Each structure stands twice: as structure tokens, then as C-alpha cells.
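Below, chains carry the letters A, B, ... as their sequence lines are ordered, and counting in each starts from 1. Only heavy atoms go into these numbers, but all of them, side chains included; no hydrogens, no water, no symmetry mates. Here the structure is a predicted model, which means the values were calculated and not measured.
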2 protein chains.
Amino acid sequence: MIRRDVFQAIADPTRRAILALLALHAMTPNALAEHFDSSRQAISKHIKILTECQLLNQKQTGREIHYHFNPQKMKEVDVWMEQFRVLWEKRFNKLDEILKNQQNKQS
Amino acid sequence: MIRRDVFQAIADPTRRAILALLALHAMTPNALAEHFDSSRQAISKHIKILTECQLLNQKQTGREIHYHFNPQKMKEVDVWMEQFRVLWEKRFNKLDEILKNQQNKQS
DNA sequence: AATTTGCGCAACTGAATAGTTGCATATATA
DNA sequence: TATATATGCAACTATTCAGTTGCGCAAATT
């Protein structure tokens with residue numbers, strides 16, 4: 001439990017599923033666990049990891065804790081992706097050109 | 001060595017650095033290893049993982065193997081992020097509205 | 001007041017991971 | 001042909017990770 005960054009957090013498929021659920025609306029650990037086969041404690045561990053890297057915020061009401069998704073933190077991944085986005089856009093344009101040239105040949 | 005998906009691949013900081021370098025131009029394992037403190041074999045292991053999940057393609061010329069970055073595979077991460085993008089855009093718009101309202105009050 | 005419910009923490013286990021070292025193979029170079 | 005270079009593969013190690021089980025505590029319910 002030393003590495004604690006967003007990329008490490010979203011590497012696990014269960015955690016990605018948790019994030020997708022919480023992006024729709026905040027939930028308690030128990031409510032979340034009902035969506036999965038693993039135990040409540042396993043889900044709670046994932047929640048802990050997601051909270052420690054600030055992908056989740058908690059809001060306590062009584063004995064229930066509602067976990068909220070924090071979009072700003074997820075944006076860090078998006079920012080990192082920026083350097084690659086230009087590449088697949090470039091490739092798409094290249095494909096686009098090829099298709100246009102083929103159309104020109106046919107017509 | 002069972003899990004082999006893009007999210008798992010980009011979880012490691014060294015592999016992210018490798019991807020960033022190869023996005024600029026293709027390189028051989030030796031050339032890549034010169035950019036890092038770890039051994040050539042360690043880098044080769046990362047390359048293997050990245051290749052197995054198709055983030056890299058290899059092109060052999062003689063005894064050298066040049067590894068190329070595959071943007072299309074990285075796009076999978078971008079597609080997954082799409083479901084969250086709307087959330088931070090929404091938050092930004094909300095902030096935008098607040099700022100506009102404050103301006104209206106001042107004028 | 002006694003019990004149930006929601007939750008986190010600690011200890012443990014088996015599997016996966018990143019790294020090292022040593023070795024084998026094929027291509028260049030002397 | 002002998003040597004140097006580029007690379008991948010296998011074995012081993014220490015660390016990390018996901019999951020389980022058991023426990024304790026505080027808030028709700030009876």
C-alpha cells in the first residue's frame with residue numbers, strides 16, 4: 001500500500017466498475033457491495049484506495065458514509081492522455097485522406 | 001503475468017514513460033534502456049507487457065527491433081474516460097454560470 | 001437496555017509484479 | 001572464423017496486491 005496514484009487505482013477492473021457506478025450517484029459501501037460478488041470488506045478496501053488517491057470523497061450522515069466521485073482527479077488521466085490524442089487523430093486524418101483518394105479514383 | 005489489458009499496462013510509471021518516449025519516435029530496447037536507471041532486461045520486460053496488450057508493435061530490421069507506439073489501443077482508455085468527461089465539463093459549466101451571475105450583479 | 005446494522009481496521013493467504021542475474025541465439029564486425 | 005552486439009527467455013527474490021475472516025465501535029432500532 002505505497003503506490004497511490006490514479007493510474008494504479010484504475011488498473012483494477014472492480015475499481016473501474018465502482019467508479020462507473022459512483023459517477024451516476026453517490027452510494028454507501030453496503031449499497032455498492034450489492035453490485036459485486038466479492039465481500040463488503042473487499043469493496044471497502046477498494047473504496048479506501050480510491051479515497052486515498054482522491055478519486056472519491058466521503059460524506060458521513062449518521063452511521064452511513066456516502067462516497068462521491070471526484071471528476072477533477074480523473075481529469076489527471078485525461079491530461080496525461082493529451083500527448084497521445086494528437087496521434088490517433090493524425091492517423092484518422094490519414095485514413096480519411098486515403099478514403100477520399102479512393103473515391104476520386106472511382107469517380 | 002495473466003492480466004494483460006491497457007489499464008494494467010499504464011499503471012506502472014516506467015511503462016508510462018516508455019510510451020511517452022515511443023510516441024515521439026520508434027526505438028530499440030537498448031536505446032530505450034539508456035533513458036532509465038533500471039537494467040535492459042527490466043525495460044525489455046516492460047516492452048513485452050506493452051506489446052502483449054498491443055500498445056506497441058515491433059518491426060525487426062537485422063538484429064535490431066524497433067518498437068512503435070500504437071495510438072489506436074491507447075484510444076481504448078480515452079473511450080472509457082468518455083463517461084466521466086461529461087462530469088468535469090458539467091462542473092466547469094456550473095462554475096462558469098456562477099462567474100457570469102457575479103458579473104451581472106456587479107454591472 | 002439489548003440487539004441489529006453500517007462501517008473500518010488488523011491479520012493472514014495466495015497470486016501477481018518488478019526487478020535481478022545468467023544464459024542462449026542470431027546478426028553484425030574484425 | 002572469432003568476437004562483439006542486440007535481443008529474448010528462464011529462474012529466482014522481495015514486494016505488492018486482492019481477497020477472506022474475525023473483531024471492535026458507533027449509530028439506529030426494538
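At a threshold of 4.5 Å between non-hydrogen side-chain atoms, the residues B:Gln72 and A:Trp88 count as touching.
The 5' end of DNA chain D is approached more closely, in terms of each residue's nearest nucleotide, by A:Asp37 than by the other of A:Asp37 and A:Gly62. Where A:Glu64 and B:Gln41 meet DNA chain D, the nucleotide closest to each residue was compared, and B:Gln41 sits on the side nearer the 5' end.
Here the side chain of A:Asp12 is nearest to one of D:dA18, D:dG8, C:dT20, namely D:dA18.
The base of D:dA6 is not paired with the side chain of B:Arg63 by any donor and acceptor separated by under 3.5 Å. At a cut-off of 3.5 angstrom, the base of C:dG19 holds at least one donor-acceptor pair with the side chain of B:Lys45.
What you find for A:Leu22 and A:Phe69 is that their closest heavy atoms are O-CB, 3.6 Å.
Looking only at distances, no side-chain donor or acceptor of B:Gln8 sits under 3.5 Å from a matching main-chain atom of B:Ile10. Side-chain atoms of B:Asn70 come within 3.5 Å of backbone N or O of B:Gln54 as a donor-acceptor pair.
Distances shorter than 4.0 Å separate none of the side-chain N or O atoms of B:Ser39 from OP1 or OP2 on C:dT21. The side chain of A:Gln8 places an N or O atom within less than 4.0 Å of a non-bridging phosphate oxygen (OP1 or OP2) of D:dC17. Residue B:Arg15 places at least one side-chain N or O under 4.0 Å from the OP1 or OP2 atom of C:dA18. Residue B:Thr28 has a polar side-chain atom (N or O) positioned under 4.0 Å from OP1 or OP2 of D:dT7. Dashed line: the shortest gap from a side-chain N or O of B:Asn30 to OP1 or OP2 of D:dT5 is not under 4.0 Å. The shortest distance between the side-chain N/O atoms of A:His46 and the OP1/OP2 oxygens of D:dC17 is not below 4.0 Å.
Per the geometry, NZ belonging to A:Lys48 stands 15 Å off P belonging to D:dT16, to the nearest Å. Rounded to an integer number of Å, the gap from A:Glu52 CD to C:dG8 P is 12 Å. A:Gln60 places its CD atom 8 Å from the P atom of C:dG8, with the value rounded to the nearest Å. Following rounding to the nearest Å, A:Arg40 (CZ) and D:dA18 (P) show an atom-to-atom distance of 18 Å. B:Ile47 has its CD1 atom 8 Å from the P atom of D:dT7, to the nearest Å. Regarding A:Ile65, its CD1 atom lies at a distance of 17 Å from the P atom of D:dC25, rounded to whole Å. A:Lys59 places its NZ atom 19 Å from the C1' atom of C:dC7, with the value rounded to the nearest Å. Counting to the nearest Å, the P atom of D:dG19 and the CD1 atom of A:Ile18 are 9 Å from each other.
Between B:Phe7 and B:Trp80, the ring planes lie perpendicular to each other; the angle is over 60°, past the 30° to 60° tilted range.
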